[in-house]
There are 2 protein chains.
Amino acid sequence: MEKQHNLSKNQKIIFDLIDKSPEPLKAYSILFNVQKKGINAPLQVYRALDKLVEIGKIHKIESRNAFIACQNSSCQISKATAFSICESCEKVSEISNTKLSKYLSNFADQAGMKYNKYNLEFFGLCKKCKSK
Amino acid sequence: MEKQHNLSKNQKIIFDLIDKSPEPLKAYSILFNVQKKGINAPLQVYRALDKLVEIGKIHKIESRNAFIACQNSSCQISKATAFSICESCEKVSEISNTKLSKYLSNFADQAGMKYNKYNLEFFGLCKKCKSK
DNA sequence: CTTGTAAATGTTATATTATTACATAGTGTT
DNA sequence: AACACTATGTAATAATATAACATTTACAAG
Ligand SMILES: [Zn+2]
Ligand SMILES: [Zn+2]
Ligand SMILES: [Zn+2]
Ligand SMILES: [Zn+2]
């Protein structure tokens with residue numbers, strides 16, 4: 001059973017925007033888009049983003065400094081994320097693959113060290129871009 | 001046989017600094033450290049960093065906006081990188097694990113899509129920090 | 001050696017991303 | 001009511017990164 005998070009006003013506004021977007025959004029583009037809703041300052045955006053990342057509703061695409069809604073309810077507990085990124089059109093998808101996530105969650109390095117969290121970004125050309 | 005890259009003056013200065021550093025370095029901390037060697041502007045640093053990343057001599061730790069020398073000659077061809085990051089002391093190590101890199105290089109997603117490049121960052125507590 | 005070209009450099013200005021600091025307001029619990 | 005905790009508002013500033021333009025260097029082809 002997942003923990004229920006009641007989003008606050010700003011968190012909801014910003015989550016809804018990201019969730020509707022077909023592509024990852026950057027913080028200042030979010031800011032621009034929510035100014036009509038009374039969110040005026042970068043910090044208001046970053047605070048909401050921080051919280052949404054923390055509770056797993058969105059993820060940050062680190063290589064792009066952009067944010068995307070989670071496609072995949074399990075991230076809300078695991079903090080384990082994987083994405084595919086097209087280097088041509090910048091399309092980003094969250095990868096949901098049980099084998100992959102098991103493999104990585106159980107990965108132990110040289111020293112036997114195990115990790116509670118990971119982020120994986122794959123790069124390549126998406127179907128569309130490849131066939132051009 | 002690896003391709004030989006003759007580093008230019010600025011590239012060499014900046015690579016040497018990163019290579020000697022026990023921890024990832026940030027661009028402006030690099031800038032500060034090389035000003036006595038005549039590198040005065042951010043762009044000079046970023047240009048050298050871009051080139052060094054391109055030829056695989058250094059990697060960018062995306063979640064930290066910092067740069068680390070490659071520990072692992074194979075990255076110069078593969079663009080496939082994996083790191084472990086301690087969330088307490090920020091120690092970063094490059095992971096060199098043949099099984100892991102084979103697994104990820106051969107990974108094909110739902111749609112059968114394969115990728116020529118990936119970046120993986122594991123997070124946890126290093127040995128030292130765990131035993132505190 | 002000179003001409004062409006790609007790579008690298010130098011410099012100024014500016015854009016983009018993110019945080020500090022401080023004051024105030026709402027929410028839920030005891 | 002008193003408390004703790006979370007969220008909000010606002011201004012200023014820090015940190016990270018790129019654009020635009022002029023010049024210089026490295027090096028290979030003719
Ligand atoms: Zn997710
Ligand atoms: Zn594409
Ligand atoms: Zn490497
Ligand atoms: Zn540590």
Side-chain angles (χ1 to χ4, degrees), chain A residues 3-18 21 23-68 76 85 87 90 92 119 121, chain B residues 3-18 21 23-68 76 85 87 90 92 119 121:
Chain A
K3 188 171 173 199
Q4 175 63 30
H5 287 281
N6 294 306
L7 300 184
S8 73
K9 174 171 148 285
N10 288 0
Q11 288 160 14
K12 187 158 182 355
I13 291 169
I14 288 172
F15 175 71
D16 286 347
L17 183 69
I18 296 173
S21 170
E23 63 200 2
L25 295 178
K26 302 188 148 228
Y28 277 72
S29 127
I30 292 169
L31 176 57
F32 179 78
N33 275 283
V34 297
Q35 280 179 330
K36 51 198 160 204
K37 306 223 175 187
I39 295 177
N40 302 300
L43 189 49
Q44 295 177 293
V45 173
Y46 281 105
R47 282 197 285 225
L49 290 173
D50 285 351
K51 185 69 183 189
L52 291 167
V53 166
E54 185 194 326
I55 65 181
K57 299 281 286 180
I58 66 172
H59 302 303
K60 182 172 188 181
I61 309 299
E62 293 285 358
S63 65
R64 300 299 186 259
N65 296 319
F67 298 85
I68 191 174
Q76 298 190 28
I85 302 175
E87 288 186 298
E90 293 293 325
V92 174
N119 180 51
E121 298 182 4
Chain B
K3 189 172 173 199
Q4 175 63 31
H5 287 280
N6 293 306
L7 300 185
S8 73
K9 175 172 146 284
N10 288 1
Q11 288 159 16
K12 188 161 180 353
I13 291 169
I14 287 171
F15 175 71
D16 286 346
L17 182 68
I18 296 173
S21 170
E23 64 201 359
L25 295 178
K26 301 188 149 230
Y28 277 71
S29 127
I30 292 169
L31 176 57
F32 178 78
N33 275 282
V34 296
Q35 280 181 327
K36 52 198 161 205
K37 305 222 175 184
I39 295 177
N40 302 300
L43 192 48
Q44 295 177 293
V45 173
Y46 281 105
R47 283 197 285 226
L49 290 173
D50 284 352
K51 186 67 182 188
L52 292 167
V53 166
E54 185 193 326
I55 65 181
K57 300 279 287 180
I58 65 172
H59 303 303
K60 183 173 186 180
I61 309 300
E62 292 285 358
S63 64
R64 300 297 187 260
N65 297 319
F67 300 85
I68 192 174
Q76 298 189 29
I85 302 174
E87 288 186 298
E90 293 293 323
V92 174
N119 181 51
E121 299 182 3

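Bear in mind the structure is a predicted one, so any value in this text is a computation, not a measurement. Protein chains get the first letters and strands the later ones, always in sequence-line order, with residue 1 at the start of each. Atom set for the values below is all heavy atoms of this structure, side chains included, hydrogens, waters and symmetry mates excluded.
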Closest heavy-atom pair, Lys57(B) versus Phe15(B), reported as atoms and distance to 0.1 Å, is O-CE1, 3.5 Å

Who passes side-chain contact (heavy atoms from CB on, under 4.5 Å) against Leu43(B), sequence neighbours left out? Arg47(B)

For Lys26(B), check salt bridge (Lys or Arg N to Asp or Glu O under 4.0 Å) against everything at least two apart and list the hits. none

Check every nucleotide of DNA chain D for an atom under 4.0 Å from a heavy-atom of chain A, then give the first and the last such nucleotide from 5' to 3'. dA7(D) to dA11(D)

Does either side chain, that of Glu62(A) or that of Ser63(B), offer a donor lying less than 3.5 Å from an acceptor on the other one? no

With axes from five pairs an end, tell me the bend angle of the helix from dC1(C)-dG30(D) to dT30(C)-dA1(D), nearest 10°. 40°

Would a 4.5 Å heavy-atom cut-off, applied to side chains only, mark Glu90(B) and Ile85(B) as touching? yes

Please table the atom pairs, donor to acceptor, closer than 3.5 Å between any side-chain atom in residues 33-42 of chain B and protein atoms at least two apart or in another chain.
residue: Asn33(B); atom: ND2; partner: Ser29(B); partner atom: O; Å: 2.8
residue: Asn40(B); atom: ND2; partner: Gly38(B); partner atom: O; Å: 3.3

Which letters describe nucleotides 7-25 of chain C, given B = protein heavy atom under 4.0 Å from base, S = only from sugar-phosphate, - = neither? -SBBBB----BBBBB----

Main-chain N/O of Ser8(B) paired to Gln11(B) side chain as donor or acceptor, under 3.5 Å: yes

Heavy-atom closest pair, residues Val45(B) and Ala27(B): CG1-O, 3.8 Å

Would you say that Ile13(B) contacts Lys9(B) through its side chain, given a criterion of any heavy-atom pair below 4.5 Å between the two side chains? yes

Which heavy-atom pair separates Ile58(B) from Ile18(B) by the least distance, and what is that distance? CD1-CD1, 4.0 Å

